[in-house]
Chemist: 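Shown below is the structure under consideration.
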Amino acid sequence: MLYIYNTLTRTKEEFRPIDPSLVRMYRCGPTVYKHMHIGHAKSYVSTDMVRRYLAHIYGPDHVMFVMNITDVGHLADDSDDGEDKMEAQARRENRSPFEIALYYEQSWFDDLDRLGVMRPDRVPHATDFIRQQIEMTEQLLQKGLAYQANGSVYFDVHAYEGRGVPEGFVPYGGLSNRKLEEQQHGGRIAVFEEKRNPQDFALWKAAEPEHSMQWYSPWGWGYPGWHLECSVMAQYYLGETFDIHAGGLDNMFPHHECEIAQSQAANAKPFVNWWMHVNLIRIGGDKMGASAGNAMTLKQMLEQYDPMAIRYLILQSHYRSPQDFDMESLAAAQAGLERFRRAAERLRQAVGDDADTASVDAMPPFFTEFLAAMDDDFNTTIALGALAAGITELNSLLAAGNADPAGLLAFYKSLRIAFDQILGFDLFSRPIATTQNNALTGQLMELFIELRREARARKDWPASDLIRDRLKERGVVLEDTKEGTRWTMGE
RNA sequence: GGCGCCGUGGCCGAGCGGCUAGGCAAGGGUCUGCAAAACCCUGUACAACGGUUCGAAUCCGUUCGGCGCCUCCA
């Protein structure tokens, strides 16, 4: 039984998809105007893990995961003179906003690929759904839940509230648990007098002539509001009501709240059954993020660290916990991951090539513990603990040298499913170091090992150590075991 | 002003009424020519002070310290 914490109810609830033959999940994707940073990594790795686990339970072909790309610049704040993020970046880089979007989208996917984040099943772009966004705006106008002002259209939160909240629907503020009248308005942002009420939000914004991204609409030239694209694209691919909507905690209000209001208002149906919110990365106890100015790009980090170590570090904490990020814990994660890798490689050599097609009767106990932890709101911390215990057990077995083949095969299968399929570490699918090179390399290594064996036989330790040290300088590691000397190459 | 979160052993980080978390680091050991790898052993931690309870890191209260959201942000 899978339990998922639902932000709507603030409790873990047994997950029941609307249609088990197609579990439908959405997450808000990036606004592509700059490189990805480590904070994004936690969010995307976490939702990827959720998606992978759902695929494990319901089958890979029975999960539909959609993530949008926001390639329309949105205003940096809610006032009229706020600057469009994409336009601003375009000016800085002396490129068009369209080029900016294209360039940074590619950059994001490059980084996500390296982190082992699977591509979503659908990746719609906001600019490809302008027509649908206009249509939803028109629907809301017709229903009297939106109003025009100077070529812009705003969602009327008070009118929406005034209609009452039917059973099963979420009132405005119901997700983030806030009451309209208790919010501070006009403090840090100027109240925009075009709006009837401060909490009204834009569905469509009139564009200034110099704004390069604009489209023609019934209200003149403009561009869509910030929240509308997700409602529209989620509905297009997943239907009016779907199972899971995931995203960062910092998007809970106002973004997700507005999505709910729009979609419920337009469709007169509940929008989403489970809301999942990934907590944030901190640096030195403070939030890290675009506006905090302390964000480190992932590309900078990947110059020094294995992307999978970053993934491992992220999954070592729970997705709903804030995570303090520093280089020391990243190094620790890398060390831990390497132990897993070495074990995986030894295991793969032990089970041989047809292990993938062989069948297994029973999975080892640690795998059951792993699944139980995952079922408990994706507790990857506990799940990884179970796997660590499994690895220790496996290493003992391998070291003893008398493990029965069926047992090893069970380890192989379960570790492969847990580590690679579900958690997304690329532990087993890498080529084995000793065979990835060409035949000549292998033959030369055989020669070195033989020379060293002879040196050791005559107890010529300086010669023996010279061979080992010099090879190590070149990234080749020799290890003496009971079965003889093994060699491996680093990355 | 409103809503909410956190303070766990050297570091990271689960747990959230009774049973070893785990990882990394550190120390000791086994193996070994040495090394590496691997395995075994070692820390009795829960901000402070009260309270509830047979029993609290886990519940309640107070205090101290830190943080988030209410504004674009993952």
Side-chain angles (χ1 to χ4, degrees), chain A residues 10 27-31 33-34 36-47 73-79 82-85 173 176-185 187-190 199 226 246-255 277-282 285-292 295 312-313 316-318 320-326 328-337 339-340 342-343 346 373 379-389 391-400 456 459-462 464-465 468-469 472 477-482 486 488:
Chain A
R10 316 268 160 165
R27 75 149 290 152
C28 302
T31 303
Y33 71 105
K34 57 186 175 184
M36 180 174 175
H37 63 242
I38 178 68
H40 300 115
K42 179 175 170 84
S43 171
Y44 286 87
V45 165
S46 297
T47 46
H74 289 142
L75 295 183
D77 65 51
D78 207 4
S79 63
E83 192 168 25
D84 181 311
K85 286 187 287 191
S176 53
N177 192 23
R178 28 176 61 94
K179 297 180 177 62
L180 294 181
E181 60 274 19
E182 285 170 354
Q183 302 306 305
Q184 264 186 223
H185 290 295
R188 283 190 286 171
I189 57 165
Q199 52 277 123
W226 321 343
L249 198 61
D250 51 350
N251 268 334
M252 187 160 77
F253 189 91
H255 183 58
H277 291 279
V278 180
N279 216 129
L280 308 178
I281 288 275
R282 296 177 179 173
D286 295 328
K287 174 186 175 177
M288 181 185 72
S291 56
Y312 181 51
L313 178 63
Q316 269 187 314
S317 79
H318 189 81
R320 280 193 289 115
S321 299
Q323 186 167 18
D324 224 310
F325 186 87
D326 64 86
E328 195 185 342
S329 38
L330 182 54
Q334 176 123 24
L337 181 67
R339 173 170 166 261
F340 291 156
R342 286 189 293 265
R346 280 192 292 271
N379 194 328
T380 52
T381 313
I382 300 289
L384 279 167
L387 295 186
I391 290 287
T392 301
E393 200 183 333
L394 168 68
N395 279 334
S396 296
L397 240 59
L398 288 172
R456 295 178 74 204
K459 298 199 189 302
D460 183 355
W461 308 128
S464 163
D465 291 345
R468 188 172 63 198
D469 293 344
K472 188 167 186 182
V477 176
L478 293 189
E479 293 175 1
D480 299 324
T481 71
K482 285 178 201 152
R486 324 181 321 130
T488 49

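All values derive from a computational prediction rather than experimental measurement. No hydrogens, no waters, no symmetry mates; every other heavy atom, side chains included, goes into these values. Residue numbers start from 1 in every chain, and the chains themselves are labelled A, B, ... in the order their sequence lines are given, proteins ahead of strands.
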Chemist: As a test of your reading of the structure, name each stem of RNA chain B as range with range, where a stem is three or more consecutive Watson-Crick or G-U pairs at under 3.5 Å.
Modeler: B:1-7 with B:64-70, B:10-12 with B:22-24, B:26-30 with B:38-42, B:47-51 with B:59-63
Chemist: Given the C1' atoms of B:G33 and B:C24, what is the spacing between them in whole Å?
Modeler: 31 Å
Chemist: Taking B:G13 as the reference, what is the distance to B:A56 when you measure between their P atoms (whole Å, please)?
Modeler: 28 Å
Chemist: Once each nucleotide of nucleotides 29-40 of chain B is scored for protein heavy atoms under 4.0 Å, what B/S/- sequence comes out, 5' to 3'?
Modeler: ----BBBBSSSS
Chemist: Measure the distance from CG on A:Leu280 to C1' on B:C70 and round it to the nearest whole Å.
Modeler: 15 Å
Chemist: Can you see which heavy atom on A:Arg10 is nearest to which on A:Asn177, and at what distance?
Modeler: NH2-CB, 3.9 Å
Chemist: Taking 4.0 angstrom as the limit, do A:Asp465 and A:Arg468 come out as a salt bridge?
Modeler: yes
Chemist: Within a strict 4.5 Å, meaning less than it, do heavy atoms of the A:Ser43 and A:Arg27 side chains meet?
Modeler: yes
Chemist: Verify, without hydrogens or angle tests, whether A:Gln323 (side chain) and A:Leu313 (backbone) share a donor-acceptor contact under 3.5 angstrom.
Modeler: yes
Chemist: Indicate, with a heavy-atom threshold strictly under 4.0 Å, whether A:Asp250 touches base, sugar-phosphate, or nothing.
Modeler: base
Chemist: Within the pair A:Asn379 and B:G15, is there a side-chain N or O less than 4.0 Å away from OP1 or OP2?
Modeler: yes
Chemist: Pick the C1' atom in B:G66 and in B:C72, then give their distance to the nearest Å.
Modeler: 25 Å
Chemist: Could you tell me the separation between the CG atom of A:Leu330 and the C1' atom of B:G23, rounded to a whole number of Å?
Modeler: 14 Å
Chemist: Using the C1' atom as the reference point in each nucleotide, state the distance between B:U32 and B:A37 in Å, no decimals.
Modeler: 11 Å
Chemist: What integer number of Å spans the C1' atoms of B:A57 and B:C16?
Modeler: 8 Å
Chemist: By the 4.0 Å heavy-atom rule, please label A:Ile281 as base, sugar-phosphate, or nothing.
Modeler: base
Chemist: When the P atoms of B:A36 and B:C31 are compared, how many Å lie between them, rounded to an integer?
Modeler: 16 Å
Chemist: Give the minimum heavy-atom separation between A:Ala383 and A:Ala373, together with the two atoms involved.
Modeler: N-CB, 3.5 Å
Chemist: Specify the separation, in whole Å, of atom CZ of A:Arg282 and atom P of B:G68.
Modeler: 7 Å
Chemist: Say you pick atom C1' in B:C67 and the same atom in B:G61; how far apart are they, in whole Å?
Modeler: 22 Å
Chemist: Can you tell me the distance, in whole Å, between the CG atom of A:Asn251 and the C1' atom of B:G68?
Modeler: 14 Å
Chemist: Heavy atoms, side chains only, cut-off 4.5 Å: are A:Lys287 and A:Asp250 in contact?
Modeler: yes
Chemist: How would you summarise protein contacts on nucleotides 8-13 of chain B per nucleotide, using B for base, S for sugar-phosphate only and - for none, with heavy-atom distances below 4.0 Å?
Modeler: ---SSS
Chemist: Take A:Leu330 and A:Phe325, measure what side chain to side chain contact (heavy atoms under 4.5 Å, CB included) needs, and give me the verdict at the end.
Modeler: CA-CA 8 Å; A:Leu330 182 54; A:Phe325 186 87; 4.0 Å; yes
Chemist: Between B:C69, B:A14, B:G4, spot the one nearest the side chain of A:Ile382, thanks.
Modeler: B:A14
Chemist: Starting from P on B:C5, measure out to NE2 on A:His277 and report it in whole angstrom.
Modeler: 15 Å
Chemist: So if I take every side-chain heavy atom of A:Ala335 and compare against B:C73, B:A14, B:C24, which nucleotide ends up nearest?
Modeler: B:C24
Chemist: For a quick test of reading the model, state the closest non-hydrogen atom pair linking A:Arg339 to A:Ala388 and the distance between them.
Modeler: NH2-O, 3.8 Å
Chemist: Can you tell me, in whole Å, how much space there is between the C1' of B:A21 and that of B:A14?
Modeler: 6 Å
Chemist: Compare side-chain N and O positions of A:Asn177 against OP1 and OP2 of B:G4 and report whether any pair is under 4.0 Å apart.
Modeler: yes
Chemist: Using a distance-only test with no angle check, is there a side-chain donor-acceptor pair under 3.5 angstrom linking A:Asn395 and A:Thr392?
Modeler: no
Chemist: Any side-chain heavy atom of A:His255 sitting closer than 4.5 Å to one from A:Cys28?
Modeler: yes
Chemist: Hey, which of these two, A:Asp286 or A:Gly336, hits RNA chain B nearer its 5' end, going by closest nucleotide?
Modeler: A:Gly336
Chemist: Of the non-hydrogen atoms in A:Tyr312 and A:Ala333, which two are nearest, and what is the gap between them?
Modeler: CD2-O, 3.1 Å
Chemist: Which part of the nucleic acid, if any, lies within reach of A:Pro254 when heavy atoms closer than 4.0 Å are counted: base, sugar-phosphate only, or nothing?
Modeler: sugar-phosphate
Chemist: Can you find an N or O donor on one side and an acceptor on the other, under 3.5 Å apart, linking the side chain of A:Lys287 with the base of B:C73?
Modeler: yes
Chemist: Can you check whether A:Gln316's main-chain N or O pairs, donor with acceptor, with A:Thr380's side chain at less than 3.5 Å?
Modeler: no
Chemist: Please confirm whether the backbone N or O of A:Asp460 pairs with a side-chain atom of A:Ser464, one donor and one acceptor, at under 3.5 Å?
Modeler: no
